[in-house]
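These notes concern the structure reproduced below.
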Amino acid sequence: MKFPSNPLKPIIVAALLLGASACDRGEAPPSPVQTGTPAIWEITSDGGAVEGWLFGTIHALPDNTRWRSEPVEQAIAEADLLAMEIAALEDTESIAMTFLGMSHSPGQPLLTERLPASQHEELAELIERSPYDAGDFRAIESWGAALILAQTNKGASKTENGVDKALATDFQGRRPIREIEGVQAQLGVFDALPEADQRDLLSLTVEETTRPDSFRQKTVQRWLAGDVEALLDPDAETLLDDPELREALVEGRNRDWMPVIVTMLQQQPKPLIAVGAGHMGGPQGLPVLLRKAGYTVTRMR
């Protein structure tokens, strides 16, 4: 049993939803320099006063990615605090232990019994790349298996280049960092999924993880272009295409976050609200929900 002492890096929902590689193995050629202007919005009150900013982040990027556009740098400089899905990203041990406690349940079927036969060969390859043996998954719920296998992606994107970590470094020790959701609540969304939806998540994760890295890098390019609607395009073929998963993992969470976000905006100081870019697009995206709550939300150019 190759059970590691600290088996899980921080699991961030958007890393899974947007197809970003969460674990990198082997040597890769140097990444070309990529420059972009990711989507960021200024939030103002009815009276025109700036109340904060909304930034759609990505949790893993290739080396040499330059995402700090002028509007992003302006928001970072002027914000009084940073609001993130999970505040203590550096506390990997606590995150791992929370995951283990929530996802482990003895007596689960083999993963091959939870997936169609057509995916068994790909599944075996992913398990081999993971820190687990096939038998270990008999004690891991389907959603937990999906998140573990999502980390076996081999590609150019790296979590150490993630925007969340960079922003946390900018603010740490200088300005407050507040939490919108937290690890327990975030993983609780997965844990509450019906088993059928958990198996859909597992199947879609295997499909996504075994695609070539060029497919995943399209997501990076769309993010750099600030095209949040393209991230929700059915042609992108992400987990967001599944209506039940999209409701549970994105739209429902957006609604749950709104009271927390509005309270922050109503108070001083002004927050930079930085959450996964998958939460920005569509009629249930955070910019639309904030407009419905009475705010003016303007894309910064």
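From a predicted model like this one, the values you see are computed outputs, not experimental measurements.
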Non-hydrogen side-chain atoms of [X] and [Y] separated by less than 4.5 Å:
{"X": "His59", "Y": "Glu85", "answer": "yes"}
{"X": "Ile273", "Y": "Leu265", "answer": "yes"}
{"X": "Trp41", "Y": "Leu290", "answer": "no"}
{"X": "Leu201", "Y": "Asp242", "answer": "no"}
{"X": "Leu204", "Y": "Leu245", "answer": "yes"}
{"X": "Met102", "Y": "Gln184", "answer": "yes"}
{"X": "Pro71", "Y": "Thr37", "answer": "no"}
{"X": "Ile180", "Y": "Met264", "answer": "yes"}

query = Which of these passes side chain to side chain contact (heavy atoms under 4.5 Å, CB included) with Ile76: Leu167, Ile40, Leu82?
reply = Leu167

message = Around atom CD of Glu70, are there more than 12 heavy atoms from other residues, nucleotides or ligands closer than 6.0 Å?
response = no

task = Could you tell me whether Arg138 atom CZ has more than 12 heavy atoms of other residues or ligands within 6.0 Å of it?
result = yes

Calculate, to the nearest 0.5 Å, the distance between atoms [atom1] and [atom2] belonging to [X] and [Y] respectively.
{"X": "Arg175", "Y": "Asp170", "atom1": "CZ", "atom2": "CG", "result": "7.5 Å"}
{"X": "Glu51", "Y": "Thr296", "atom1": "CD", "atom2": "OG1", "result": "10.5 Å"}
{"X": "Trp257", "Y": "His279", "atom1": "CH2", "atom2": "NE2", "result": "3.5 Å"}
{"X": "Trp67", "Y": "Ile58", "atom1": "CH2", "atom2": "CD1", "result": "11.5 Å"}
{"X": "Leu61", "Y": "Gln34", "atom1": "CG", "atom2": "CD", "result": "8.5 Å"}
{"X": "Met84", "Y": "Asp164", "atom1": "CE", "atom2": "CG", "result": "4.5 Å"}

request  = Examine distances only and state if a side-chain atom of Arg222 and a backbone atom of Glu229 form a donor-acceptor pair shorter than 3.5 Å.
outcome  = no

ask   = Does Thr210 use its side chain to pair, donor to acceptor, with the backbone of Glu207 at less than 3.5 Å?
value = yes

Compare every heavy atom of [Y] with every heavy atom of [X], then report the nearest pair and how far apart it is.
{"X": "Met280", "Y": "Gly276", "value": "CE-O, 4.1 Å"}
{"X": "Ala79", "Y": "Leu272", "value": "CB-CB, 3.7 Å"}
{"X": "Ala145", "Y": "Leu111", "value": "CB-CD2, 3.8 Å"}
{"X": "Ala166", "Y": "Arg68", "value": "CB-NH2, 3.8 Å"}
{"X": "Thr205", "Y": "Leu149", "value": "CG2-C, 4.5 Å"}
{"X": "Ala39", "Y": "Phe55", "value": "O-CD1, 3.3 Å"}

Transitively linked via ILVMFWY side-chain contacts under 4.5 Å: [X] with [Y]?
{"X": "Leu54", "Y": "Val288", "answer": "no"}
{"X": "Ile261", "Y": "Val297", "answer": "yes"}
{"X": "Leu89", "Y": "Leu81", "answer": "no"}
{"X": "Phe137", "Y": "Leu110", "answer": "no"}

message = Let's go through Glu244 and Asp200 carefully: what are the C-alpha distance in whole Å and the side-chain angles of both, what is the deciding distance for side-chain contact (heavy atoms from CB on, under 4.5 Å) to 0.1 Å, and is it a yes or a no?
response = CA-CA 10 Å; Glu244 289 80 12; Asp200 286 344; 5.5 Å; no

query = Is the shortest distance from a Lys or Arg side-chain nitrogen in Glu125 or Arg129 to a carboxylate oxygen in the other one below 4.0 Å?
reply = no

ask   = Would Arg114 and Glu141 pass as an ion pair if we require N to O under 4.0 Å?
value = no

request  = Under the side-chain contact (heavy atoms from CB on, under 4.5 Å) rule, what do Leu289 and Gln284 come out as? Steps first, then yes or no, please.
outcome  = CA-CA 6 Å; Leu289 295 183; Gln284 294 296 315; 4.0 Å; yes

message = One pair to check against salt bridge (Lys or Arg N to Asp or Glu O under 4.0 Å): Lys165 and Glu160. What are the steps and the verdict?
response = CA-CA 7 Å; Lys165 289 189 175 182; Glu160 54 261 40; over 6 Å; no

task = Please step through side-chain contact (heavy atoms from CB on, under 4.5 Å) for the pair Gln108 and Ile140, ending with a clear verdict.
result = CA-CA 7 Å; Gln108 301 296 318; Ile140 301 174; 5.9 Å; no

message = Just by distance, no angles: are the side chains of Ser157 and Gln217 close enough, under 3.5 Å, to form a donor-acceptor pair?
response = yes

Per-pair distances, 0.1 Å, donor-acceptor, side chain in residues 189-198, under 3.5 Å, sequence neighbours excluded:
residue : atom : partner : partner atom : Å
Asp191  : OD1  : Trp143  : NE1          : 3.1
Glu195  : OE2  : Ser142  : OG           : 2.7
Glu195  : OE2  : Arg199  : NE           : 2.8
Gln198  : OE1  : Ser142  : N            : 3.4
Gln198  : OE1  : Trp143  : N            : 3.0
Gln198  : NE2  : Leu193  : O            : 2.9

